[in-house]
S.K.: 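Structure below; questions to follow.
Numbers for residues simply follow the sequence, beginning at 1.
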Amino acid sequence: MKNSIYLFLASFIFFGCQNENNIDESILSKNLSYNQAQINASDGVLSFGDYSYIPQKNGVISKFKAGSFDYNYHIEYDFNYRITYHPGANELIIENKNAKESITLKNLVFKNKTVSFDAYTSQSLAFEGVNYQTNMTDQDSNPQYWWLVQPVIEFVIDMVNDEKKKTSNYDDNCKLAIAACGDSGVDYINLIRGNWFSQDSCTVKCKE
């Protein structure tokens, strides 16, 4: 029997359950390998330090740490943003139109289908040395890097929530659900609505 804990805001119960039913259970396996995730990948792979983020064709993002499966997550956010590209400064600013939040990408270098950059949030978090491997060539890409925006937002949301888990002001319900997984660890996190750096509710699925 799966050790599962579900926490929803009442207004999102139907939507959250409906979405989860559409997810291929094989992708939720704690034994998912890095190679399997790459075969089923829908887009490019984002990497930062020991972490790799591989988007799956069903909308789930598989997170790996040092090549080993960490957990899957899915974000049900409306990515309502505006982007401003400053070629002279080699800088891309992603602004959340629903909240006073932003992500600034600096030192963008695109070579051999991989773009490297440093990411900084309006909450003073810095992620330096991020890489995104894509199927696009330098010539095919849009100079404003529009195709980079969603993977970056999804990555930053996860990293910001990792930081929040270390503090007392992290969303109590989600923190309790994650803690309840105990030593078995988290297999799947579904973040529902909210803004980029916070969520109204979440679904946590523990590893068996």
S.K.: Among residues at least two apart in sequence or on other chains, which ones pass side-chain hydrogen bond (donor to acceptor under 3.5 Å, both in side chains) with Asp43?
M.R.: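 Asp43 satisfies side-chain hydrogen bond (donor to acceptor under 3.5 Å, both in side chains) with Tyr132 once adjacent residues are dropped.
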S.K.: Is the shortest side-chain heavy-atom distance between Leu108 and Val115 below 4.5 Å?
M.R.: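 Leu108 vs Val115: side chains touch.
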S.K.: Going by distance alone, is a donor N or O of one side chain under 3.5 Å from an acceptor N or O of the other, for Asn131 and Thr114?
M.R.: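 No - no donor-acceptor pair under 3.5 Å links their side chains.
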S.K.: Can you confirm whether Leu92 sits close enough to His86 that some side-chain heavy atom of one is under 4.5 Å from a side-chain heavy atom of the other?
M.R.: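 With C-beta onward as the side chain, the pair stays apart.
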S.K.: What orientation do Phe110 and Trp147 show, parallel under 30°, tilted 30 to 60°, or perpendicular over 60°?
M.R.: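 Phe110 and Trp147: tilted rings.
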S.K.: Sequence neighbours excluded, which residues qualify as side chain to side chain contact (heavy atoms under 4.5 Å, CB included) partners of Asn107?
M.R.: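 Expected list: Asp118.
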S.K.: Flag the pair Tyr71 / Asp187 as yes when at least one side-chain heavy-atom distance between them is below 4.5 Å, and no otherwise.
M.R.: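 No, every pair of side-chain atoms sits at 4.5 Å or beyond.
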S.K.: Is the backbone of Thr104 close enough, under 3.5 Å, to the side chain of Glu91 for a donor and an acceptor to pair up by distance?
M.R.: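 Side chain of Glu91 to backbone of Thr104, a donor-acceptor pair under 3.5 Å: no, none is there.
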S.K.: Using ring-ring contact (aromatic ring centres under 6.0 Å, His included) as the criterion, list what pairs up with Tyr53, not counting sequence neighbours.
M.R.: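 Once residues adjacent in sequence are excluded, the partners of Tyr53 under the ring-ring contact (aromatic ring centres under 6.0 Å, His included) criterion are Phe155.
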S.K.: Report yes or no: do Ile93 and Tyr85 belong to one cluster of Ile/Leu/Val/Met/Phe/Trp/Tyr joined by side chain heavy-atom distances under 4.5 Å?
M.R.: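 Ile93 does not cluster with Tyr85.
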S.K.: Taking only residues two or more places apart in sequence, or in another chain, which ones meet Gln150 in a side chain to side chain contact (heavy atoms under 4.5 Å, CB included)?
M.R.: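 Expected list: Phe79, Glu154.
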S.K.: Does Lys63 make a cation-pi contact with Tyr51, if we ask for NZ or CZ under 6.0 Å from the ring centre and within 45° of the axis?
M.R.: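 Yes, Lys63 and Tyr51 form such a contact.
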S.K.: By side-chain hydrogen bond (donor to acceptor under 3.5 Å, both in side chains), which residues pair with Glu128, not counting sequence neighbours?
M.R.: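 Scan of Glu128 (side-chain hydrogen bond (donor to acceptor under 3.5 Å, both in side chains), adjacent residues dropped) gives Tyr120.
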S.K.: Taking side chain to side chain contact (heavy atoms under 4.5 Å, CB included) as the test, write out the residues that go with Asn35, two or more places apart.
M.R.: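 Scan of Asn35 (side chain to side chain contact (heavy atoms under 4.5 Å, CB included), adjacent residues dropped) gives Ser33, Gln38.
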S.K.: Between Ser102 and Glu95 (side chain of the first, backbone of the second, donor and acceptor by atom type, cut-off under 3.5 Å), is there such a pair?
M.R.: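 Answer holds: no.
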S.K.: State which residues pass side chain to side chain contact (heavy atoms under 4.5 Å, CB included) with Lys97; sequence neighbours excluded, sorted by chain then number.
M.R.: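 With sequence neighbours excluded, Lys97 shows a side chain to side chain contact (heavy atoms under 4.5 Å, CB included) to Asn80, Arg82, given in chain and number order.
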